[in-house]
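Here's the structure, in structure tokens; my notes come after.
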4 protein chains.
Amino acid sequence: MATDAKTTRRNNILEKALAIFAKKTFQETTIAEISKAARVSEATVYEYFKTKEELLFAIPEKITREAIEEFEKVLPYLTGAESRVRAIVQAYLTLYHNNPEYSSLVMLQLKTNRRFLQTRAYKLIQSIAGRLLDCINDGITEGVFKKNTDPYLIRAMLLGTIEHLCIRWHLFGRPSNLADYVDPIMDLTFNGMRTRPAGKNLSIHLHLPRDVTLTHEMLSPEDNHS
Amino acid sequence: MATDAKTTRRNNILEKALAIFAKKTFQETTIAEISKAARVSEATVYEYFKTKEELLFAIPEKITREAIEEFEKVLPYLTGAESRVRAIVQAYLTLYHNNPEYSSLVMLQLKTNRRFLQTRAYKLIQSIAGRLLDCINDGITEGVFKKNTDPYLIRAMLLGTIEHLCIRWHLFGRPSNLADYVDPIMDLTFNGMRTRPAGKNLSIHLHLPRDVTLTHEMLSPEDNHS
Amino acid sequence: MATDAKTTRRNNILEKALAIFAKKTFQETTIAEISKAARVSEATVYEYFKTKEELLFAIPEKITREAIEEFEKVLPYLTGAESRVRAIVQAYLTLYHNNPEYSSLVMLQLKTNRRFLQTRAYKLIQSIAGRLLDCINDGITEGVFKKNTDPYLIRAMLLGTIEHLCIRWHLFGRPSNLADYVDPIMDLTFNGMRTRPAGKNLSIHLHLPRDVTLTHEMLSPEDNHS
Amino acid sequence: MATDAKTTRRNNILEKALAIFAKKTFQETTIAEISKAARVSEATVYEYFKTKEELLFAIPEKITREAIEEFEKVLPYLTGAESRVRAIVQAYLTLYHNNPEYSSLVMLQLKTNRRFLQTRAYKLIQSIAGRLLDCINDGITEGVFKKNTDPYLIRAMLLGTIEHLCIRWHLFGRPSNLADYVDPIMDLTFNGMRTRPAGKNLSIHLHLPRDVTLTHEMLSPEDNHS
DNA sequence: AATGAATGAGGGTTCATTCAT
DNA sequence: TATGAATGAACCCTCATTCAT
């Protein structure tokens with residue numbers, strides 16, 4: 001069996017703890033409150049988690065691990081740096097949006113907690129960020145992303161945007177749907193905010209004579225980067 | 001006089017408090033430690049600040065106000081949405097870089113503090129963010145920024161990137177110089193990361209049947225934003 | 001059989017408990033640690049001993065009982081109060097020296113524990129002290145020990161010395177060998193520390209007038225202790 | 001003024017703490033109880049003493065220091081190793097007898113506490129024990145104590161006897177008066193418990209004829225030690 | 001205005017002990 | 001019989017805050 005009684009109870013505590021940690025500060029949250037919510041004694045909480053902080057850090061570990069596992073299944077199907085980057089951004093936004101308590105905890109409390117950086121959970125989170133960087137570098141190598149840009153900056157921009165939106169979502173309730181931002185973010189990041197007189201979103205309407213059929217061979221664009 | 005004895009003492013407390021709050025958590029910092037650093041009694045701290053939290057919130061108020069005053073002097077000289085946006089980004093990065101204790105406090109503790117949002121200091125910070133939004137909207141109106149982009153998202157991207165870099169700077173010590181990132185950020189935000197296959201250097205080789213002559217009318221490019 | 005599986009397990013727990021109690025305080029020692037050392041569950045410890053304190057008190061009982069049994073075999077062969085007293089002192093010092101964990105426990109923790117005085121183990125220890133008192137009284141009756149000395153004080157001196165040495169041995173590691181102290185203690189206790197200017201070899205030269213003849217009746221020595 | 005308000009309050013806490021520590025174990029004693037007895041808040045106790053253990057150790061420090069100061073005034077007036085040794089023994093017994101709570105604490109809890117050995121209070125106690133050793137050595141040098149005895153053993157015997165009696169006094173209420181034991185202890189230690197067939201306390205009753213007057217010249221004892 | 005002194009309020013953590021299996 | 005699991009009950013200690021001087 002995947003979940004025995006012990007695991008169930010552990011998960012129960014984690015779940016209730018998440019709900020409370022997400023609403024209050026770590027400091028404001030008491031073990032008493034958590035144990036009460038989980039309908040166990042305070043001592044029982046300490047049976048499963050050595051300290052209050054360990055309990056705190058155990059929460060993102062579980063969720064992050066599951067999210068990564070899930071995501072790793074999808075990634076192999078995606079080809080091309082752009083779609084992979086997009087997929088990662090989508091994964092972040094979806095995860096945060098679908099798990100508001102989790103994202104609140106991560107964004108408002110863990111991300112700036114120095115001790116969290118020493119955590120297994122953080123290592124997991126880092127691994128996805130590493131994946132993102134890999135994809136960006138792949139894109140540069142492949143030529144779909146500009147050669148002379150700092151991949152770290154690109155990542156910072158993507159993650160920074162996501163985080164900023166997520167934090168505002170939690171603090172102000174806006175925007176209401178994070179997941180809606182995948183494409184806008186991708187577009188902005190890929191193409192920039194500046195209009196292009198001869199710019200990128202160009203579409204060419206070819207009004208071809210009726211008797212001309214456009215075949216595939218007719219159209220062979222070539223990359224010639226600056 | 002602008003600074004009498006009381007103001008001096010108050011500023012002294014603020015200064016010492018900043019230094020300590022920047023190193024430790026709000027919770028970890030004690031009034032005892034601050035009063036010791038400021039060489040006054042704990043009770044004296046309470047003469048100037050009603051609560052520990054009020055003291056915390058009083059710190060960014062002073063620095064932010066000064067930074068804004070400074071910046072407001074410069075802004076009128078800048079014309080054009082792009083240069084104004086750039087100026088604001090630069091102002092942020094410079095302020096954060098030159099005041100590490102301040103930026104550490106803001107990034108790691110205040111930005112995620114719900115009660116901070118009710119603060120005069122926060123209103124000030126918000127005013128700059130409002131200015132940034134104005135500039136972006138101006139740029140859209142002026143036509144230098146794309147019409148169909150969300151100005152809020154653009155701002156989120158700019159601020160998010162700045163914050164992300166700043167946080168990493170504090171937590172990991174990298175990058176070493178925030179101010180260096182003004183231009184890279186502007187370039188990336190303005191132009192995007194994507195090379196433009198259909199971009200400036202794009203060439204489409206149309207292998208049209210011989211009897212088809214390409215006329216000007218056949219080709220009518222249009223902006224069609226996603 | 002004297003030792004079935006249960007007894008074996010019980011003795012195992014006792015043994016491990018002794019080792020730990022001897023190193024730490026009773027309060028510092030946890031059942032968890034003992035059970036771990038004995039490779040049984042905590043609940044099992046409670047199968048054999050009702051409380052932690054009962055476990056503590058069960059330890060000296062076993063060792064003391066065995067030591068007494070051993071000693072009782074020897075005592076009948078000893079004649080004369082002096083040699084019997086000496087034998088008891090030697091028995092104490094040898095027992096303490098050969099069982100450092102036991103003596104540490106007794107000296108540093110049990111001897112001053114009021115509840116230990118209600119214990120069967122204590123009764124056993126007392127019985128030897130009683131024997132010592134008997135021997136001292138015998139010696140007084142026999143005339144080898146001074147009549148007007150307090151036998152309780154003599155015993156207090158012997159036991160106090162032994163205990164003092166034993167405690168110092170445990171706390172400071174000196175002296176290194178308790179058993180070496182049997183004879184010095186006996187000598188000091190029997191003969192005292194004082195040199196005797198008017199000592200054993202005293203001779204009094206009585207220059208009596210010539211006409212006085214010393215008769216036997218004139219000379220009747222009596223003990224008169226101070 | 002020798003005792004300002006702060007010292008008074010501190011002493012009050014010490015006094016109440018002593019009363020309670022003497023009745024219960026250190027572990028059994030709670031700060032709550034002490035603070036209640038001293039009519040201050042628990043927090044106030046911690047204003048004066050960093051930890052419960054520091055409070056415990058502060059008690060003997062005060063009493064021991066005062067006792068030593070007192071004793072040091074007397075010692076210079078005493079000449080001769082014997083009288084000085086006797087004085088120290090008397091000082092011990094008197095101190096313990098007059099301060100039963102203190103002696104209970106020292107005998108039943110502190111003497112066997114390993115951390116107490118690192119204490120200033122212990123250093124003070126040690127200093128008296130050092131004085132005792134000095135006196136014993138002086139006596140050996142002066143020839144009033146036997147040359148070939150171990151001065152450490154003599155001290156162990158004196159202190160061990162005192163401690164043993166004191167512990168029994170606390171645990172069993174006997175003997176009722178410790179101070180009565182000064183002379184018996186001294187006699188026993190000096191002269192030993194053994195009767196001396198040719199021994200020292202011999203007195204010879206000379207029933208001389210009436211007409212014989214014993215003159216000083218008649219009696220000329222000579223030292224001739226073995 | 002400045003502070004020494006006092007404290008109320010609170011929470012994390014530890015374990016001996018129990019009990020159902 | 002053995003034990004995994006659960007918990008009740010305690011307590012030390014910290015500090016922000018107050019107030020009389």
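Labels below follow one simple rule: chain letters A, B, ... track the order of the sequence lines, proteins then strands, and each chain is numbered from 1. Just so it is clear, the structure is predicted and the values come from calculations on it, not from any experiment. The figures that follow rest on heavy atoms only: side chains count, while hydrogens, waters and symmetry mates do not.
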Review point. Rounded to whole angstrom units, what separation is found between the CD atom of C:Glu47 and the C1' atom of F:dT3?
Key: 9 Å
Point to revise | C:Arg39: salt bridge (Lys or Arg N to Asp or Glu O under 4.0 Å) partners, not counting sequence neighbours | key: none
Check your understanding: Below 3.5 Å, does any donor atom in the side chain of D:Glu42 face an acceptor in the base of F:dC12, or the other way round?
Key -> no
**Study point:** Of residues 48-58 of chain D, the positions that come close to DNA chain F - non-hydrogen atoms, cut-off under 4.0 Å
**Key:** D:Thr51, D:Lys52
**Study point:** A:Lys16: partners by salt bridge (Lys or Arg N to Asp or Glu O under 4.0 Å), with sequence neighbours left out
**Key:** none
Point to revise | Interface limits on DNA chain E, where chain A has a heavy atom under 4.0 Å of a nucleotide atom | key: E:dG11 to E:dC15
Revision key, fill the gap. Dot-bracket for DNA chain E, 5' to 3', Watson-Crick and G-U pairs with both distances under 3.5 Å, [ ] for crossing pairs, | for partner on another strand, reads .||||||||||||||||||||
Point to revise | Residue closer to the 5' end of DNA chain F, D:Tyr46 versus C:Thr44 (nearest nucleotide) | key: C:Thr44
Practice item. May I ask you to evaluate whether C:Arg9 reaches the phosphate of F:dA2, defined as a side-chain N or O under 4.0 Å from OP1 or OP2? Key: yes
Practice item. Using a cut-off of strictly less than 4.0 Å between a heavy atom of the residue and any atom of DNA chain F, enumerate the qualifying residues of residues 20-30 of chain D by number. Key: D:Thr29, D:Thr30
Practice item. Provide the full list of salt bridge (Lys or Arg N to Asp or Glu O under 4.0 Å) pairs with a residue in residues 42-58 of chain B, sequence neighbours left out, each pair given once. Key: B:Glu53-B:Arg115
Check your understanding: Do the ring planes of D:Phe57 and D:Phe116 sit parallel (below 30°), tilted (30 to 60°) or perpendicular (above 60°)?
Key -> tilted
Practice item. Would you please name every residue forming a salt bridge (Lys or Arg N to Asp or Glu O under 4.0 Å) with A:Glu33, sequence neighbours left out? Key: A:Lys24
**Study point:** Enclosure of B:Lys23 NZ (heavy-atom neighbours >12, cutoff 6.0 Å)
**Key:** no
Practice item. Run through C:Ile13, C:Ile34, C:Leu56 and flag the one making a side chain to side chain contact (heavy atoms under 4.5 Å, CB included) with C:Phe49. Key: C:Ile13
Exercise for review: Among residues two or more places apart or on two chains, list those pairs meeting salt bridge (Lys or Arg N to Asp or Glu O under 4.0 Å) that have a residue in residues 105-114 of chain A.
Suggested key: A:Lys111-A:Glu163
Study note, to complete from the structure: The answer to which of D:Ala43 and D:Ala32 contacts DNA chain F further toward the 5' end, by nearest nucleotide, is D:Ala32
Practice item. Could you tell me whether B:Glu69 and B:Arg65 have a side-chain N and a carboxylate O separated by less than 4.0 Å? Key: no
Exercise for review: Please identify each residue that fulfils side chain to side chain donor-acceptor pair (under 3.5 Å) with A:Thr119, with sequence neighbours left out.
Suggested key: none
Point to revise | Residues that C:Glu101 engages under salt bridge (Lys or Arg N to Asp or Glu O under 4.0 Å), provided they are two or more places apart | key: none
Review point. Is it the case that more than 12 heavy atoms not belonging to A:Lys36 sit under 6.0 Å from its NZ atom?
Key: no
Exercise for review: Could you list the residues that satisfy side chain to side chain donor-acceptor pair (under 3.5 Å) with B:Ser41, not counting sequence neighbours?
Suggested key: B:Thr44
